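Before any comments, here is the structure.
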Amino acid sequence: MKSFDITSLKQFHIDPPLPLITVTITVYNIEAYIGKAIESVQNQTYRNLEILLVDDGSKDNSGKICDSYAEKDQRIRVIHKANGGPSEARNLAMEQAKGDYLAFVDGDDWIEPEMYESMLKAMLQTQAELGICAYKEVSAKGIKDPSNDKIIYFQDDEALESFIKEEEEIQIQNAVWNKLFSKKLLKELRLPVGKYYEEILFTTKLLHQAQGIVYLNQAYYNYVIDRSGSIMNQGTGKRIFTDQIPLYMEKRQFLQEIGREDLVQIHNLFFYKRLLLHYMELQKHKPEKYQTMSKELVDLLKKEKVNIKKAYNSPTANTNEKKRMELFLKSPKLYKMLDQINESYLIPNKQVLRNQTEPLVVIQLSGGMGNQMFQYALYLQLKALGKNVKIDDVTEYQAEKTRPKRLDVFDIDYPRPTETELKILTDSYVDVVSKLRRKITGRKTAEYLETSPVFDQEILQKDRAYLVGCFQSEKYFAEVKEEVKKAFTFQLEASGKYQITREMQPYLKKIQETRAVSVHIRRGDYLEVNDLYGGICTPEYYAKSFRKMRQEVPGCHFFLFTNDPAWAKEIYEKESDITIVEGNDEDHGYLDLYLMTQCQHYILANSSFSWWGAYLSKNQSDNKLVLAPPKWFNGRDCKDFYTDDMIKIE
């Protein structure tokens with residue numbers, strides 16, 4: 001086993017003729033997700049692809065969506081077939097694939113742009129027949145990303161050994177979707193049809209047969225682990241007995257056939273631990289069918305007594321595991337009782353103590369779109385500094401009338417803290433003991449509340465904190481400015497959730513055809529807090545700014561964005577070089593920001609919204625003119641809000 005850094009792939013070039021990779025996406029009733037999966041394959045940096053979309057008898061619009069993509073991309077071929085399950089769909093794709101290499105993507109997941117280029121380079125560089133990459137676990141609770149930028153090359157049965165040992169740091173897994181197969185490796189091997197967990201034996205055989213396997217510990221695959229309706233989220237059921245257990249038995253037989261008795265014992269150990277987990281899962285259900293399945297598991301484990309003894313006497317097993325199994329075989333009821341005590345009391349208390357010392361920074365998402373963008377930019381900076389950082393996007397958005405969360409318009413996701421992590425960081429447990437302890441010793445919170453707009457370097461140095469604030473300064477993401485700009489790329493697809501509305505298209509066309517100047521006038525909520533915002537962006541400020549802009553940019557045309565268009569019409573409607581942009585409410589405010597970024601020059605309000613409009617402008621040249629108010633808030637030092645290219649209009 002050899003390891004090297006993933007950056008070495010940058011120096012490796014694939015010589016022509018470029019190998020063809022066939023990527024198969026299996027599709028069944030996933031109309032809400034399939035577009036994202038297809039586009040993630042289309043957007044691969046490695047372009048020589050054949051994309052097979054196998055519609056496995058979908059009853060919704062999934063098949064039609066596939067056809068619409070095929071009409072626009074010659075690399076896509078759609079196969080419509082009667083429903084036969086994912087194995088049958090993948091086997092059909094293996095038969096029809098034209099590629100030198102084969103890959104699979106589940107239609108409700110998506111992949112990163114560099115996935116197949118990186119995997120193919122690694123395979124060619126090491127002459128491996130099988131490439132495997134790490135993957136992110138994506139759920140409502142956040143994203144788990146194990147990436148560490150290492151590449152491991154396995155020889156002989158080294159990868160098989162890692163797979164059987166279920167080494168957490170190497171995500172080989174049964175799945176086909178985090179792998180790139182040489183077609184000659186697959187030969188006549190196919191997946192068993194009509195079964196769940198179909199990849200268990202398939203992957204075991206491939207890992208033994210492959211001449212060289214390369215593993216990239218970079219998570220290029222995004223695996224959604226909690227989609228309702230997914231086959232893999234249906235819990236413990238009859239399929240465990242009809243499909244999973246028999247396939248694990250076949251896996252054991254295969255290991256015996258290739259003479260790896262050492263791996264048989266390790267496999268058995270994990271197999272039996274799985275059965276105990278299934279047993280405890282079934283105990284949570286009262287219906288008779290679940291109790292019947294529980295009895296089947298007990299009977300199966302008792303039949304395996306001889307093999308169990310061998311497995312739990314092997315060097316891999318520990319004493320506690322052995323005692324737990326012995327207890328189960330003597331009395332499943334007593335085992336159940338002790339396990340419930342362990343789960344309910346002992347493990348949670350150990351976890352709390354451990355979490356109180358683990359590094360974790362949580363940023364509270366709050367405010368409108370502009371504030372949310374500054375908070376996410378800080379997240380990117382902390383992540384680049386190697387911090388364990390997450391975003392709390394729940395606490396401030398629980399009330400009915402809060403402003404909408406809008407980072408999803410950029411197709412952005414991020415890890416979220418658990419409820420327990422939030423309670424530990426903020427010391428907000430409500431149990432009697434915690435309340436009493438706080439009265440005696442005070443609250444032990446890691447909360448940091450931003451009290452000044454001045455940049456605070458200490459924030460970037462924290463390892464444990466719950467950060468509350470706007471953090472409106474480029475200095476908070478100085479080292480990742482380009483990454484921030486790239487992250488805030490609007491995903492306005494014609495058929496997607498976010499798109500340019502018909503009402504906005506004429507404005508966009510006019511902006512593109514003129515020397516466009518974005519003007520932001522914020523009223524509404526700003527008028528309600530006069531002590532803080534009042535007397536800053538006055539009519540005199542805008543009059544001076546209009547004059548300067550007309551002098552510096554002759555023939556320019558102003559596009560006025562405001563949350564009070566009726567007022568703006570009274571003041572500016574007669575001006576021939578001013579267009580008032582109307583039609584976007586709070587839910588569509590992101591379109592105002594998008595239109596701002598398409599302009600060439602800027603007159604800002606004292607608002608984070610127009611700050612980002614200018615910062616993300618398509619005009620990144622030195623001739624961009626950005627006029628800003630002389631101060632941002634009354635009575636506060638806001639010097640760090642301003643970027644180097646802003647000109648204050650006194």
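Owing to the predicted nature of the structure, the values given are computational and were not obtained by experimental measurement.
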From CA spacing to verdict: side chain to side chain contact (heavy atoms under 4.5 Å, CB included), D73, Q42: CA-CA 8 Å; D73 191 334; Q42 287 179 302; 3.1 Å; yes
side-chain contact (heavy atoms from CB on, under 4.5 Å), paired with Q364, selected from T395, L422, L467: T395
Donor-acceptor under 3.5 Å (D55 side chain, S58 main chain): yes
Beyond-backbone contact of I51 with I38, side-chain heavy atoms, under 4.5 angstrom: no
Side chain to side chain, I459 and L378, heavy atoms closer than 4.5 Å: yes
Student check: side-chain heavy atoms of M373 and L616 closer than 4.5 Å: yes
Worked verdict on F410 versus F490 for ring-ring contact (aromatic ring centres under 6.0 Å, His included): CA-CA 5 Å; F410 304 112; F490 284 88; 4.8 Å; yes
Counterpart residues, side-chain hydrogen bond (donor to acceptor under 3.5 Å, both in side chains), relative to K383 (two or more places apart): none
Audit row: Q472, S608, side chain to side chain donor-acceptor pair (under 3.5 Å) steps and yes/no: CA-CA 7 Å; Q472 182 175 335; S608 60; 4.5 Å; no
Side-chain heavy atoms of L425 within contact of T445, under 4.5 Å: no
Under 3.5 Å donor-acceptor, N563 side chain and R522 backbone: no
Which atom of H557 lies closest to which atom of S576, heavy atoms considered: CE1-O, 3.5 Å
Basic-acidic side-chain contact under 4.0 Å: E112, K136: yes
Atom pair CZ/NE2 of R515 and H601 - distance to nearest 0.5 Å: 6.0 Å
Donor-acceptor pair, side chain of R75 and main chain of R47, under 3.5 angstrom: yes
From CA spacing to verdict: ring-ring contact (aromatic ring centres under 6.0 Å, His included), Y476, F471: CA-CA 7 Å; Y476 282 116; F471 311 108; 5.6 Å; yes
Main-chain N/O of P113 paired to Y46 side chain as donor or acceptor, under 3.5 Å: no
Side-chain (E137) to main-chain (K144) donor-acceptor, under 3.5 angstrom: no
Side chain to side chain contact (heavy atoms under 4.5 Å, CB included) between V105 and W177, worked out: CA-CA 5 Å; V105 175; W177 36 252; 5.6 Å; no
Donor-acceptor under 3.5 Å (E421 side chain, T418 main chain): yes
pair W567-I521: side-chain heavy atoms closer than 4.5 Å: yes
Set of residues satisfying side-chain hydrogen bond (donor to acceptor under 3.5 Å, both in side chains) with respect to D637, sequence neighbours excluded: none
Shortest non-hydrogen contact between P630 and E650, atoms and distance: CB-OE1, 3.3 Å
Lys/Arg N to Asp/Glu carboxylate O, K423 vs E419, below 4.0 Å: yes
Side-chain donor or acceptor of T538 paired with backbone N/O of G535 under 3.5 Å: no
K10, NZ: over 12 other non-hydrogen atoms inside 6.0 angstrom: no
pair P415-Y379: side-chain heavy atoms closer than 4.5 Å: yes
Flag, side chain of S62 to backbone of Y28, donor-acceptor distance under 3.5 Å: no
Set of side-chain hydrogen bond (donor to acceptor under 3.5 Å, both in side chains) partners for S610, sequence neighbours left out: H520
Reported CE-to-SG distance for the pair M549 and C556, which is rounded to 0.5 angstrom: 7.0 Å
Under the salt bridge (charged side-chain N to carboxylate O under 4.0 Å, His left out) test, residues paired with K631 that sit two or more places apart: none
T579 and K510: side chain donor to acceptor below 3.5 Å: yes
Shortest non-hydrogen contact from P565 toward I580: CB-CG2, 4.5 Å
Straight-line distance of F546 CZ to I603 CD1, nearest 0.5 Å: 5.0 Å
Ring geometry between F477 and Y615 (parallel below 30°, tilted from 30 to 60°, perpendicular above 60°): perpendicular
Sub-4.5 Å side-chain heavy-atom contact between I391 and Q375: no
Step-by-step side chain to side chain contact (heavy atoms under 4.5 Å, CB included) determination, D106 to Y33: CA-CA 10 Å; D106 282 0; Y33 310 95; over 6 Å; no
Residue list, side-chain contact (heavy atoms from CB on, under 4.5 Å) with E458, at least two apart or on another chain: D456, K462
Approximate separation, where rounding is to 0.5 Å, of S366 OG and D393 CG: 11.5 Å
Candidates F488, F641, W611 - the one meeting ring pair (Phe, Tyr, Trp, His ring centres under 6.0 Å) with F374: W611
L365 to E396 - nearest heavy-atom pair and separation: O-CB, 3.4 Å
CD on E39 to OH on Y69, rounded to 0.5 Å: 3.5 Å
Intermediate values then yes/no, side chain to side chain contact (heavy atoms under 4.5 Å, CB included), D109 and N222: CA-CA 6 Å; D109 299 331; N222 296 280; 5.6 Å; no
Minimal non-hydrogen separation, Y602 against Q598, with atom names: OH-N, 4.4 Å
Minimal non-hydrogen separation, F559 against A516, with atom names: CE1-CB, 3.7 Å
Pairwise side-chain contact, W110 with V138, heavy-atom cut-off 4.5 Å (strictly under): yes
Trace of the side chain to side chain donor-acceptor pair (under 3.5 Å) decision for N178 with Y223: CA-CA 9 Å; N178 67 331; Y223 173 45; over 6 Å; no
Criterion side chain to side chain donor-acceptor pair (under 3.5 Å) on D645 and T643, from CA distance to verdict: CA-CA 6 Å; D645 61 350; T643 56; 2.6 Å; yes
CG on L49 to CD on Q44, rounded to 0.5 Å: 6.5 Å
With sequence neighbours excluded, residues passing salt bridge (charged side-chain N to carboxylate O under 4.0 Å, His left out) with D145: none
Test item: side-chain donor near acceptor, T562 and D564, under 3.5 Å: no
